[in-house]
Trainee: 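Here it is, the structure in full.
Below, all heavy atoms of this structure are taken into account, side chains as well, without hydrogens, waters or symmetry copies. Both ligands and their constituent atoms are indexed starting at 1 by order of listing.
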Amino acid sequence: MDKHTFSRLGGSAINEIELQERLLMLDQIVVHHQRFLDLYQVIQDCHIFKKGAAILGETGAGKSTLFKTYESRYPKETKVKTVNNHKIEYDIVPVLRVELDSNSKPQNVASKMLQKLGDPFYDKGTEKQLTSRVKEHIKDAEVELLIIDELQHLIDTDTQRVIRKAADWLKQLLNDLNLPIIFGGIMEDAKRIFASNKQLDERFPYKPTFYGFKYVTEEQKKEFRGFLKSIDYQLPLAEHSSIYDPYLSEKIYYATLGIPRTLSHLLHHSVKTALKAGKDKLDERDLQYGFSLLSLETRPKVVNPFHGKAFDLKVALEKEKEKPSKN
Ligand SMILES: Nc1ncnc2c1ncn2[C@@H]1O[C@H](COP(=O)(O)OP(=O)(O)O)[C@@H](O)[C@H]1O
Ligand SMILES: [Mg+2]
């Protein structure tokens with residue numbers, strides 16, 4: 001794979017417009033790593049063989065990125081038909097992907113679907129009217145696959161209870177439509193939703209997991225480093241950085257725990273500071289600064305590993321877990 005060519009900065013700070021352009025490119029990097037490809041295949045199989053699957057996992061592992069990638073392979077098309085001598089434009093939507101919002105009611109879910117199906121009056125009507133329009137539009141738009149992401153939002157944020165009304169509505173809709181469905185969401189919450197709704201659960205006998213990367217066995221290290229290497233090729237910098245060298249990849253693993261979202265934040269800050277300093281590749285100091293801007297609330301004892309010295313991942317992870325000594 002060739003590195004995309006970016007103009008060399010050679011020490012002079014980047015201008016604001018180019019900075020924004022390059023950061024946008026950074027945020028759009030999608031690596032087709034092994035787990036990504038395996039789960040892409042799961043979606044494809046569901047689509048072709050008309051089955052359902054729930055792809056659950058840790059937050060930030062890449063579920064929504066995968067769904068967006070799949071959706072983009074089957075783009076919306078506008079067609080024209082003639083009804084009573086009038087030409088009417090309508091949308092063909094082979095893959096309908098919606099993300100649930102927190103504390104969704106059935107109306108909200110229906111509205112979201114209608115909006116994606118191109119209904120200009122997507123938020124007008126009662127729950128019943130919206131629901132029957134969803135069913136009609138899904139047929140007219142020749143939807144072949146439905147992807148419902150962020151399923152965990154069927155849990156109420158205040159009471160932590162499953163929002164039964166929305167869950168039941170969704171179950172009923174799926175029964176009426178008889179379409180292959182992919183659900184995506186955070187593992188623990190989604191499991192609670194399925195546990196509380198047996199009929200919904202039965203429609204999804206297959207629930208593969210989207211994990212973050214691990215870094216214990218040689219195989220896992222190779223995989224994570226391969227991921228970093230693909231990202232390095234696409235970084236919006238003129239030269240290669242060495243983020244996939246064992247020295248830095250181990251530190252990057254510690255900083256991110258193998259979660260692509262955390263990595264993306266780390267790189268965003270690091271690349272930004274490098275570009276502003278007119279650098280053409282990342283070095284450890286950029287990562288040190290990038291790390292200092294991360295908010296890792298769930299890891300109160302995490303330390304900045306990008307200190308320029310040797311680093312032992314196992315020791316560092318154990319140290320982070322230690323209880324404070326009593327004195
Ligand atoms: N395959 C990938 N390649 C590169 N970056 C990725 C990939 N998957 C996820 N990311 C990064 O992680 C971020 C969070 O991913 P997302 O798909 O929203 O996770 P989830 O839906 O599992 O919580 C993305 O915005 C992107 O920056
Ligand atoms: Mg998501």
Trainee: If the criterion is any heavy atom closer than 4.0 Å to an atom of ligand 1, which residues make the list?
Mentor: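 Within 4.0 Å of ligand 1, the protein residues are I29, V30, V31, H33, F36, E58, T59, G60, A61, G62, K63, S64, T65, F227, P260, R261, S264.
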
Trainee: Quickly, which of Y247, F306, Y254 forms a ring-ring contact (aromatic ring centres under 6.0 Å, His included) with F311? Name it, please.
Mentor: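 Option passing the ring-ring contact (aromatic ring centres under 6.0 Å, His included) with F311: Y254.
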
Trainee: Look at the rings of F194 and F204 and say which category their plane angle falls in: under 30° parallel, 30 to 60° tilted, over 60° perpendicular.
Mentor: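 Ring orientation of F194 relative to F204: tilted.
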
Trainee: If you leave out waters, which protein N, O or S atoms are less than 2.8 Å from the Mg ion (ligand 2)?
Mentor: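 You should have found S64 OG, E150 OE2.
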
Trainee: Looking at K105, is its backbone amide N or carbonyl O close enough to the side chain of N108 to form a donor-acceptor pair, meaning the two atoms are under 3.5 Å apart?
Mentor: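 Checked: pair present.
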
Trainee: When rounded to the nearest 0.5 angstrom, what is the spacing between CZ in R164 and CD1 in I193?
Mentor: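 R164 atom CZ to I193 atom CD1 measures 11.0 Å (nearest 0.5 Å).
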
Trainee: Using ring-ring contact (aromatic ring centres under 6.0 Å, His included) as the criterion, point out the one residue from F36, Y253, F227 that pairs with F213.
Mentor: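 Exactly one option meets the ring-ring contact (aromatic ring centres under 6.0 Å, His included) with F213, and it is F227.
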
Trainee: Between R192 (side chain) and Q160 (backbone), is there a donor-acceptor pair under 3.5 Å?
Mentor: yes

Trainee: If you measure from the Lys or Arg side-chain nitrogens to the Asp or Glu carboxylate oxygens, is any gap between E239 and R8 under 4.0 Å?
Mentor: yes

Trainee: Report the residues that fulfil side chain to side chain donor-acceptor pair (under 3.5 Å) with S264, sequence neighbours left out, ordered by chain and then residue number.
Mentor: none

Trainee: What pairs of residues pass the ring pair (Phe, Tyr, Trp, His ring centres under 6.0 Å) test when at least one of them lies in residues 64-106, not counting sequence neighbours?
Mentor: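 For residues 64-106, and leaving out neighbouring residues, the ring pair (Phe, Tyr, Trp, His ring centres under 6.0 Å) pairs sorted by first residue read Y40-Y70, H47-Y70, H47-Y74, Y70-Y74.
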
